[in-house]
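Beneath this line is the structure, given in structure tokens, with notes to follow.
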Amino acid sequence: MSSGTKSSDGRVFLIGGGWEETVADVVHGPFLRAARAARAASRASGAAPAGVAGADSGSAPRILCVIVDEGDGAEQFARYDVALRRAGDCTPVPSLVPVGERFELGAVTEDVSGVFVCGGLTPAYQEALAEASGPLAALLVERGLPYAGFSAGAALAARDAVVGGWLVDGVAVCPPDTAEDLEEIEVRAGLGLVPFGVENHAAQWGTLGRLTAVVAGGRLAHGVAIDENTLVEVGGEGGEGGDGRARVSGLGRAHSVRPAPGGGVLVRSYGDGESFPVSAPVSAPVPVSVPASASASASVSVS
């Protein structure tokens, strides 16, 4: 499986959830390597401050793990700490944001080499990060820090974030267990790190139907649904290595959803080692029939 990366500048790592230990390096390793590159660049430029805790403690990058704390934040952080350390040498540090409170940009201290936004209730993450979205995105670019989002954190990387819901005008488009405590589907302002909407747990939870409904309804021009234990890596200037493409690695697939000419949507699925255009239009595949329940009033073409 592919797990390489190039530069840390502007890189975004979208993880569709999942805790499979055998692919920890594939799913988390590229982000850690980008964080290590960011740390090395900071030290070389003299930007890493002397005297800051962790700033001079070897080559292990410090990873800020942002968690919306529903009362079990310490236990949740312990899971991410283990997963990240399994993927490579690093020092995860927690930033626990109680439900209803706001993430403080000051948590991204000078010794932080990467920001990892964890999983949980997606609407709560959106509310916690909403006020910091613009400043956080600017800070990542200014300091050349990579961003990784796991499940909710991946959804929030989008400019327009699908945060939950299972109904469109009262019609079911995905299982109610995936609704994130919402009824009608909601699309809210995200961090703006990638230009497409993001769904997670696609194969495992059946969230692809929600994304197809959102795209078919004109609320998104492009969306990507990611399976668990799967990484989508997007580089600077909108794509892998700045070439306008996103790379897929891991056990599952990433499903790119775009409007189809004449109505409905086009769905293309990409596996480990494949890449897809972030913004460029794609040619239409041959339409195939799908169950009517896949989306609300949406025809779907698949390739």
Side-chain angles (χ1 to χ4, degrees), residues 12-19 28 31 35 52-54 61-85 90-140 143 145-166 176-194 197-201 205 207 228:
V12 178
F13 302 84
L14 308 172
I15 303 157
W19 299 94
H28 299 298
F31 165 69
V52 173
R62 289 175 65 84
I63 306 301
L64 185 72
C65 295
V66 180
I67 297 175
V68 172
D69 188 357
E70 301 180 56
D72 62 347
E75 292 83 355
Q76 291 299 321
F77 169 70
R79 297 187 73 189
Y80 292 102
D81 182 72
V82 170
L84 289 168
R85 290 180 187 274
C90 63
T91 305
V93 293
S95 175
L96 305 184
V97 183
V99 173
E101 297 190 12
R102 300 294 181 260
F103 172 74
E104 297 290 342
L105 194 64
V108 190
T109 53
E110 289 293 335
D111 58 330
V112 166
S113 300
V115 176
F116 188 105
V117 177
C118 302
L121 195 62
T122 306
Y125 273 83
Q126 191 275 334
E127 292 164 6
L129 290 164
E131 294 180 2
S133 60
L136 176 58
L139 179 65
L140 294 174
R143 290 175 47 186
L145 301 181
Y147 173 97
F150 182 99
S151 188
L156 262 294
R159 179 175 55 232
D160 301 302
V162 181
V163 299
W166 67 292
D177 289 347
T178 70
E180 306 265 13
D181 292 346
L182 299 174
E183 295 293 321
E184 291 286 321
I185 292 175
E186 293 192 20
V187 179
R188 302 180 184 175
L191 296 174
L193 302 177
V194 296
V198 181
E199 276 284 8
N200 302 286
H201 312 281
W205 292 9
T207 55
E228 291 183 359

What closest approach, in Å, do [X] and [Y] show between heavy atoms, and which atom pair accounts for it?
X: Val112; Y: Gly114; answer: CG1-O, 3.3 Å
X: Ser133; Y: Gly190; answer: CB-O, 3.7 Å
X: Ser113; Y: Pro61; answer: CB-CB, 3.8 Å
X: Ala154; Y: Ile15; answer: CB-O, 3.8 Å
X: Val99; Y: Glu70; answer: CG2-CG, 3.6 Å
X: Leu14; Y: Ala157; answer: CD2-CB, 3.6 Å

State, with a plain yes or no, whether a side-chain heavy atom of [X] is found less than 4.5 Å away from one of [Y].
X: Val12; Y: Phe31; result: no
X: Phe13; Y: His28; result: no
X: Glu199; Y: Val162; result: yes
X: Pro123; Y: Leu182; result: yes

With rounding to the nearest 0.5 Å, note down the distance linking [atom1] in [X] to [atom2] in [Y].
X: Leu140; Y: Tyr147; atom1: CG; atom2: OH; value: 8.5 Å
X: Leu191; Y: Gln126; atom1: CG; atom2: CD; value: 9.0 Å
X: Glu131; Y: Phe103; atom1: CD; atom2: CZ; value: 12.5 Å
X: Asp69; Y: Cys118; atom1: CG; atom2: SG; value: 11.5 Å
X: Leu145; Y: Leu136; atom1: CG; atom2: CG; value: 9.0 Å
X: Leu129; Y: Leu105; atom1: CG; atom2: CG; value: 10.5 Å

Verdict with reasoning, Arg62 to Thr109, per side chain to side chain contact (heavy atoms under 4.5 Å, CB included): CA-CA 10 Å; Arg62 289 175 65 84; Thr109 53; 5.6 Å; no
Member of Val117, Leu193, Thr122 meeting the side chain to side chain contact (heavy atoms under 4.5 Å, CB included) criterion with Leu156: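 Among the candidates, only Thr122 passes.
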Taking salt bridge (charged side-chain N to carboxylate O under 4.0 Å, His left out) as the cut-off, I'd like each qualifying pair that reaches into residues 118-128, sequence neighbours left out, listed once.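 For residues 118-128: Glu127-Arg188.
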Which residue pairs pass the salt bridge (charged side-chain N to carboxylate O under 4.0 Å, His left out) test when at least one of the two sits in residues 151-163, sequence neighbours left out?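 Non-adjacent pairs meeting salt bridge (charged side-chain N to carboxylate O under 4.0 Å, His left out): zero.
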List the atom pairs, donor and acceptor, that lie under 3.5 Å between side-chain atoms in residues 74-84 and the rest of the protein, sequence neighbours left out.
{"from": "Gln76", "atom 1": "NE2", "to": "Asp72", "atom 2": "OD2", "distance (Å)": "3.3"}
{"from": "Tyr80", "atom 1": "OH", "to": "Gly119", "atom 2": "N", "distance (Å)": "2.9"}
{"from": "Asp81", "atom 1": "OD1", "to": "Arg85", "atom 2": "NE", "distance (Å)": "2.9"}
{"from": "Asp81", "atom 1": "OD2", "to": "Arg85", "atom 2": "NE", "distance (Å)": "3.2"}

So, using side chain to side chain contact (heavy atoms under 4.5 Å, CB included) as the criterion, who are the partners of Ala128 when residues are at least two apart?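 Applying side chain to side chain contact (heavy atoms under 4.5 Å, CB included) to Ala128 gives Val68, Val97.
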Side chain to side chain donor-acceptor pair (under 3.5 Å) partners of Glu184, counting only residues at least two apart: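 For Glu184, no residue satisfies side chain to side chain donor-acceptor pair (under 3.5 Å) once neighbours in sequence are set aside.
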So, using side chain to side chain donor-acceptor pair (under 3.5 Å) as the criterion, who are the partners of Ser151 when residues are at least two apart?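 Only His201 meet the side chain to side chain donor-acceptor pair (under 3.5 Å) criterion with Ser151.
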Counting distance only, does the side-chain N/O of Arg102 pair as donor-acceptor with the main-chain N or O of Ala132 below 3.5 Å?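 Looks like no, no N/O pair under 3.5 Å.
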